[in-house]
**Q** 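Just passing along the structure, written as structure tokens.
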Amino acid sequence: MICLTAPYISGFLAFREVPFLVDAIRRLQEKEPTLMPQVLLVDGNGVLHHQGFGVACHLGVLTGLPCIGVAKKLLQVDGLENNAVHKEKIRLLQAGGDTFPLMGNSGTILGMALKSHDHSTKPLYISVGHKMSLEAAVRLTHCCCRFRIPEPVRQADIRSREYIRRTLGHSGPPVSGQE
DNA sequence: GCGACAG
DNA sequence: ATCTTGTCGC
């Protein structure tokens with residue numbers, strides 16, 4: 001059980017969540033070091049970020065583990081917009097695994113939109129977090145997708161909600177979601 | 001009032 | 001993120 005202190009502010013997700021994620025990794029290293037993952041799929045962005053340093057970068061630097069930013073919505077950064085042109089590019093994605101690059105006004109490729117399976121309408125927004133190329137990040141994420149959300153993120157989502165429902169669903173303070 | 005809004 | 005209603009597929 002943890003208690004969040006910082007509020008959620010777009011662009012500052014890491015300052016809210018990263019201390020608890022680092023602590024979870026530290027506890028895993030202590031108790032089950034053989035289960036330490038070689039890579040983390042992080043619910044949020046990596047370099048696709050206002051300061052080029054989202055939660056997946058923070059977590060990577062603080063743990064030393066390769067990290068991938070996996071966002072479900074486009075963070076509108078460096079001129080990137082969820083506008084008609086962007087929506088048309090989404091519409092043109094054919095099969096699961098199809099992508100298009102997310103290039104900001106600066107000319108930098110900040111990430112890739114990924115159609116995570118054949119019948120998914122909304123893409124995932126993949127970006128580099130730490131110690132991994134964008135191409136490898138996209139391929140690995142796609143390989144984890146049984147449904148739209150890659151299974152590690154999806155299971156974390158489902159199991160954390162279930163835990164919250166079981167333990168403090170009736171009495172606890174207002175704690176929500178992914179913690 | 002309007003745009004933006006990772007989770 | 002959360003909530004809600006409805007629909008479709010297995």
Side-chain angles (χ1 to χ4, degrees), chain A residues 2-25 40-62 67-87 90 96 99-105 108-130 132 134 137-138 141 144-170 172-179:
Chain A
I2 60 103
C3 190
L4 290 168
T5 53
Y8 169 67
I9 300 168
S10 177
F12 298 89
L13 179 64
F15 295 95
R16 173 172 165 89
E17 299 195 352
V18 104
F20 307 105
L21 299 174
V22 171
D23 197 54
I25 292 293
L40 302 177
L41 293 163
V42 182
D43 198 340
N45 290 298
V47 300
L48 177 49
H49 181 265
H50 301 94
Q51 279 74 39
F53 206 77
V55 63
C57 301
H58 278 247
L59 188 58
V61 167
L62 293 177
C67 287
I68 302 171
V70 182
K72 299 182 282 292
K73 297 173 184 172
L74 178 65
L75 185 59
Q76 306 197 158
V77 158
D78 193 18
L80 290 170
E81 253 189 298
N82 186 18
N83 55 20
V85 173
H86 181 81
K87 291 185 173 117
I90 292 172
T99 62
F100 63 85
L102 303 166
M103 178 181 292
N105 286 340
T108 316
I109 304 273
L110 297 173
M112 297 281 274
L114 167 68
K115 187 178 180 97
S116 58
H117 70 91
D118 288 347
H119 299 291
S120 179
T121 307
K122 296 178 62 173
L124 298 175
Y125 296 98
I126 308 302
S127 57
V128 167
H130 194 57
M132 186 154 314
L134 181 56
V138 167
T141 302
C144 292
C145 285
R146 188 173 169 188
F147 305 105
R148 184 174 85 102
I149 306 301
E151 210 55 21
V153 175
R154 186 170 163 269
Q155 287 301 319
D157 209 325
I158 291 169
R159 294 176 190 208
S160 62
R161 281 178 215 288
E162 168 64 14
Y163 176 82
I164 289 167
R165 196 183 61 74
R166 266 183 19 237
T167 56
L168 45 86
H170 299 288
V175 175
S176 59
Q178 302 317 285
E179 307 86 33

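Proteins come first, then strands; the chains are lettered A, B, ... in the order of their sequence lines, and each starts at number 1. Quantities reported herein were computed from a predicted structural model and do not represent experimental measurements.
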**Q** For B/dG7, is there a stacking contact with A/Tyr8, counting only centres under 5.5 Å and planes under 30°?
**A**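 A/Tyr8 ring centre within cut-off of B/dG7 base, planes near parallel; stacks.
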**Q** Are OP1 or OP2 of B/dC5 and a side-chain N or O of A/Lys73 less than 4.0 angstrom apart?
**A**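 Answer is no, no contact under 4.0 Å.
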**Q** Of the non-hydrogen atoms in A/Ser127 and A/Val47, which two are nearest, and what is the gap between them?
**A**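 That would be OG-N, 3.8 Å.
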**Q** Looking across every strand, which nucleic acid part, if any, lies under 4.0 Å from A/Phe15 by heavy atom: base, sugar-phosphate, or nothing?
**A**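 Here A/Phe15 touches no strand at all.
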**Q** In whole angstrom, give the distance that lies between atom CG of A/Leu74 and atom P of B/dA6.
**A**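 The distance from CG of A/Leu74 to P of B/dA6 comes to 10 Å, rounded to the nearest Å.
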**Q** Which of the following nucleotides, B/dA6, B/dG7, B/dA4, is nearest to the side chain of A/Lys72?
**A**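 Nearest to the side-chain atoms of A/Lys72, counting from C-beta on, is B/dG7.
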**Q** Strictly distance-based, threshold 3.5 Å: is any side-chain N or O of A/His117 a donor or acceptor partner for the main-chain N or O of A/Arg146?
**A**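 Checking the backbone N and O of A/Arg146 against the side chain of A/His117, no donor-acceptor pair under 3.5 Å is found.
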**Q** NE2 of A/His50 versus C1' of B/dC5: gap in Å, rounded?
**A**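 Whole-Å distance recorded here is 9 Å.
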**Q** For C/dA1 versus B/dA4, give the span between their C1' atoms, rounded off to a whole number of Å.
**A**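 The answer is 15 Å between these two C1' atoms.
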**Q** Got a donor-acceptor contact below 3.5 angstrom from the A/Ser160 side chain to the A/Ala156 backbone?
**A**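 Checking the backbone N and O of A/Ala156 against the side chain of A/Ser160, a donor-acceptor pair under 3.5 Å is found.
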**Q** Taking the P atom of each, how far is B/dG3 from C/dT4, in whole Å?
**A**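 Between the two P atoms, the distance is 28 Å.
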**Q** Could you tell me how far apart A/Leu13 (CG) and B/dA6 (P) are, to the nearest whole angstrom?
**A**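 Rounding to the nearest Å, CG of A/Leu13 and P of B/dA6 are 9 Å apart.
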**Q** Which part of the nucleic acid does A/Val77 contact within heavy-atom distance under 4.0 Å: base, sugar-phosphate only, or nothing?
**A**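 Since no nucleic acid heavy atom lies under 4.0 Å of A/Val77, the category is nothing.
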**Q** CG of A/Asn45 versus P of C/dA1: gap in Å, rounded?
**A**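 After rounding, the reported distance stands at 13 Å.
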**Q** If we take the P atom in both C/dG6 and B/dG1, what is their distance in whole Å?
**A**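 Looking at atom P only, C/dG6 and B/dG1 are 31 Å apart.
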**Q** Taking OH from A/Tyr125 and P from B/dC5, how many angstroms apart are they, rounded to a whole number?
**A**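 The answer, rounded to whole Å, is 12 Å.
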**Q** Could you check A/Arg159 against A/Glu162 for salt bridge (Lys or Arg N to Asp or Glu O under 4.0 Å), going step by step and ending with a plain yes or no?
**A** CA-CA 5 Å; A/Arg159 294 176 190 208; A/Glu162 168 64 14; over 6 Å; no
**Q** OP1, OP2 of C/dA1 versus side-chain N and O of A/Arg16: anything below 4.0 Å?
**A**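 It does not, given that no N or O in the side chain of A/Arg16 lies less than 4.0 Å from OP1 or OP2 of C/dA1.
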**Q** What does A/Gly69 touch in the nucleic acid at a heavy-atom separation under 4.0 angstrom: a base, only the sugar-phosphate, or nothing?
**A**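 Here A/Gly69 touches no strand at all.
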**Q** Given atom CZ of A/Arg154 and atom P of C/dA1, what is their separation to the nearest angstrom?
**A**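 Roughly 14 Å, once rounded to whole Å.
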**Q** Just the rounded figure in Å: distance from P of B/dG7 to CG of A/Leu124.
**A**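 Nearest whole value for this atom pair: 10 Å.
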**Q** For the residue pair A/His58 and A/Phe15, does the interplanar ring angle fall in the parallel (under 30°), tilted (30 to 60°) or perpendicular (over 60°) class?
**A**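 A/His58 vs A/Phe15 ring planes: perpendicular.
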**Q** How long is the line joining CZ of A/Phe147 and P of C/dG9, in whole Å?
**A**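 Rounded to the whole Å, the gap is 16 Å.
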